[in-house]
K.L.:
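Following this message is one structure expressed as structure tokens.
Both ligands and their constituent atoms are indexed starting at 1 by order of listing.
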Amino acid sequence: MKLESKLPNLETTIFAVMSAMANQYNAINLSQGYPNFKSDEMLMDLVHQAMLSGYNQYAAMPGAMELRRAISKKFERLYGSSYHPESEITVTAGATQAIYTAITAIVKQNDEVIVFRPAYDCYVPTIELNGGKAISIQLSKPDYTINWVEVKAAITPKTKMIIVNTPHNPSGTVFSKQDMLALEKLTKGTDIIVLSDEVYEHLIYDSVQHQSACLFPDLKSRSFITASFGKTFHNTGWKMGYCCAPKALMEEFIKVHQFNVFSVNHPMQIALAKYLEDENNYLQLSEFYQKKRDLFLSLMKNSRFKFKPSKGSYFQAADYSEISQDNDLEFVTWLTQKKGVAAIPISAFNLNKKDEKMIRFCFAKTDDTLTQAAQILCEL
Ligand code: PMP
Ligand code: GLN
């Protein structure tokens with residue numbers, strides 16, 4: 001039998017590689033992005049109650065109406081932007097499925113999709129699985145700013161989609177209002193669809209406002225917004241997320257969603273709907289994580305790593321060029337195996353694995369874990 005791979009050059013995701021290495025070498029795992037503390041017990045109780053109350057069969061295909069209403073309310077409250085729960089919101093199995101489904105619903109053979117690198121690692125393979133071509137715009141340390149003139153030059157008649165991600169994984173940068181206005185201006189009057197990956201919308205620091213695509217009317221009219229409850233409520237293993245988009249876009253999304261998963265975990269949807277009623281459950285997250293960022297940066301201040309403080313997400317990008325001239329994959333391998341701290345090499349997200357001597361630490365960890373890790377890192 002001859003098996004022709006659809007993704008012949010694809011390697012195993014760096015998150016699986018680094019977490020396995022961290023486990024094998026018993027290293028402190030600051031690599032894959034997930035909290036090492038419990039999520040709210042009240043939320044777990046709500047899931048249990050939902051199971052006992054009988055929410056154990058298929059949910060409605062686009063998601064339980066309770067949850068779609070709660071998501072809609074959150075958009076109203078936070079951004080004054082309305083998404084109709086009946087036709088403009090779908091609950092997904094994590095943001096990963098929302099991203100996969102949005103790209104699959106839109107991108108056809110030979111379509112071009114503009115992606116800013118470093119980019120979260122599921123975007124490009126999904127574009128390629130659909131026969132599309134990723135047009136990468138490589139950003140550079142330490143600020144990873146976008147030159148919108150360069151973006152304009154990258155747009156061709158084949159450009160079908162532009163993918164943006166703010167707050168940004170892995171750099172911890174955020175888009176300014178000017179960035180969003182530039183994106184809006186560039187796409188206005190075109191047929192370009194925007195995929196705005198906003199999984200870290202509630203993890204944003206130093207009183208900066210999250211610039212959701214829904215705040216910009218023309219941008220909103222052409223955008224899929226993807227979000228993750230795993231990021232928001234400290235339970236990445238639940239794989240719960242959602243997508244919002246104007247009706248016409250959501251109709252296309254749903255066509256793929258219904259045969260991709262049909263519907264997702266029902267009791268968790270009911271629990272999340274209840275939990276979202278109290279806005280403090282998400283509004284206090286920035287303060288909570290800003291404390292962790294500040295603790296980590298203060299513990300690391302005498303290290304030889306160079307930092308620009310993360311502005312959002314739960315990642316801190318770090319320049320290790322004063323410590324080693326190894327490439328970033330070699331450096332994190334040594335760091336994990338010989339020193340006992342695992343991190344992510346940012347080249348994994350770059351075009352052609354460009355090595356800028358940058359790695360990513362996840363600070364969604366207990367204060368004890370951050371303290372132990374920083375002690376080791378400060379000795380390098
Ligand atoms: N987008 C970005 C930028 C991410 O960092 C992640 C990882 N959490 C996802 C999407 C996927 O989210 P989920 O775990 O909900 O699938
Ligand atoms: N989003 C997480 C990260 O960036 C990992 C998600 C995953 O492992 N697929 O580390």
K.L.:
Do the rings of Y120 and Y123 sit parallel, tilted or perpendicular, given the 30° and 60° boundaries?
P.N.:
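Plane angle over 60°, so perpendicular.
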K.L.:
Is it the side chain (CB and beyond), the backbone, both or neither of Y200 that lies under 4.0 Å from ligand 1, heavy atoms counted?
P.N.:
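The answer is the side chain of Y200.
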K.L.:
Which residue and non-hydrogen atom of the protein lie closest to atom 11 (C) of ligand 1, and at what distance in Å?
P.N.:
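Answer, as residue, atom name and distance: T96 OG1, 3.3 Å.
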K.L.:
Geometry only, no angles: is D197 polar-contacting ligand 1 at N/O separations under 3.5 Å?
P.N.:
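By distance alone, the answer is yes.
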K.L.:
Under 6.0 Å between ring centres, would you say that holds for F361 and F315?
P.N.:
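Judged by ring-centre distance (under 6.0 Å), F361 and F315 do not meet the cut-off.
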K.L.:
Among all protein heavy atoms in this structure, tell me which lies nearest to atom 7 (C) of ligand 1, with the distance rounded to 0.1 Å.
P.N.:
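Going by distance alone, atom 7 (C) of ligand 1 is nearest to Y120 OH, 3.2 Å.
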K.L.:
Looking only at the aromatic ring of each residue, does the gap between the centers of F37 and H234 stay below 6.0 angstrom?
P.N.:
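When the ring centroids of H234 and F37 are compared, they turn out to be within the sub-6.0 Å range.
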K.L.:
Side chain, backbone, both or neither: which applies to K239 and ligand 1 if a contact is any heavy-atom pair less than 4.0 Å apart?
P.N.:
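Just the side chain.
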K.L.:
Check whether any side-chain N or O of T369 sits under 3.5 Å from a backbone N or O of K365 as a donor-acceptor pair, and report yes or no.
P.N.:
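Checked: no pair found.
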K.L.:
Using 4.0 Å as the upper bound for N to carboxylate O, is an ion pair formed by D328 and K354?
P.N.:
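Salt bridge absent between K354 and D328.
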K.L.:
What is the nearest protein non-hydrogen atom to atom 8 (N) of ligand 1, stated with its residue, atom name and distance?
P.N.:
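Here the nearest protein heavy atom works out to K231 CE, 2.2 Å.
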K.L.:
Spell out, as yes or no, whether a donor-acceptor pair under 3.5 Å connects the side chain of H168 to the backbone of P118.
P.N.:
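Yes.
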K.L.:
Any nitrogen or oxygen of G94, side chain or backbone, less than 3.5 Å from one on ligand 1?
P.N.:
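So ligand 1 has no N or O lying under 3.5 Å from an N or O of G94.
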K.L.:
Please work out whether any backbone atom (N, CA, C, O) or any side-chain heavy atom from C-beta onward of I99 is under 4.0 Å from ligand 1, and answer side chain, backbone, both or neither.
P.N.:
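The part of I99 near ligand 1 is the side chain, not the backbone.
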K.L.:
Relative to the ring of F305, is the ring of F307 parallel (under 30°), tilted (30 to 60°) or perpendicular (over 60°)?
P.N.:
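Ring orientation, 0 to 90° scale: tilted.
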K.L.:
T236: heavy atom below 4.0 Å from ligand 1, yes or no?
P.N.:
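T236: no contact with ligand 1 (<4.0 Å).
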K.L.:
When you measure from the centre of the six-membered ring of Y314, is the NZ or CZ of K231 closer than 6.0 Å and no more than 45° off the axis?
P.N.:
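Geometry flag: not set, cation outside 6.0 Å or 45°.
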K.L.:
Which is it for V199 and ligand 1 at heavy atoms under 4.0 Å: side chain, backbone, both or neither?
P.N.:
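Near ligand 1, V199 shows its side chain, while the N, CA, C and O stay back.
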K.L.:
Quick one: does ligand 1 sit under 4.0 Å from the side chain of Q97, the backbone, both or neither, non-hydrogen atoms only?
P.N.:
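It is neither; nothing of Q97 touches ligand 1.
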K.L.:
Does the plane of the ring in Y55 sit parallel, tilted or perpendicular to the ring in H266? Use 30° and 60° as the thresholds.
P.N.:
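Geometry flag for H266 against Y55: perpendicular rings.
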K.L.:
Protein residues near ligand 2, heavy-atom distance below 4.0 Å?
P.N.:
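Only F15, Q32, G33, Y120, N169, Y200, K231, F315, R360 have heavy atoms that fall under 4.0 Å of ligand 2, ordered by chain and number.
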K.L.:
Going through the checks in order, is the salt bridge (Lys or Arg N to Asp or Glu O under 4.0 Å) test met by D111 and K158?
P.N.:
CA-CA 5 Å; D111 282 345; K158 288 187 181 165; over 6 Å; no
K.L.:
List ligand 1 atoms under 4.0 Å from N169, heavy atoms only on the residue side.
P.N.:
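Counting from 1, the qualifying ligand atoms are 3 (C), 4 (C), 5 (O).
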K.L.:
Examine K247 relative to Y83 and say whether NZ or CZ is less than 6.0 Å from the centre of the six-membered ring and inside a 45° cone about the ring axis.
P.N.:
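No, K247 does not lie over the aromatic ring of Y83.
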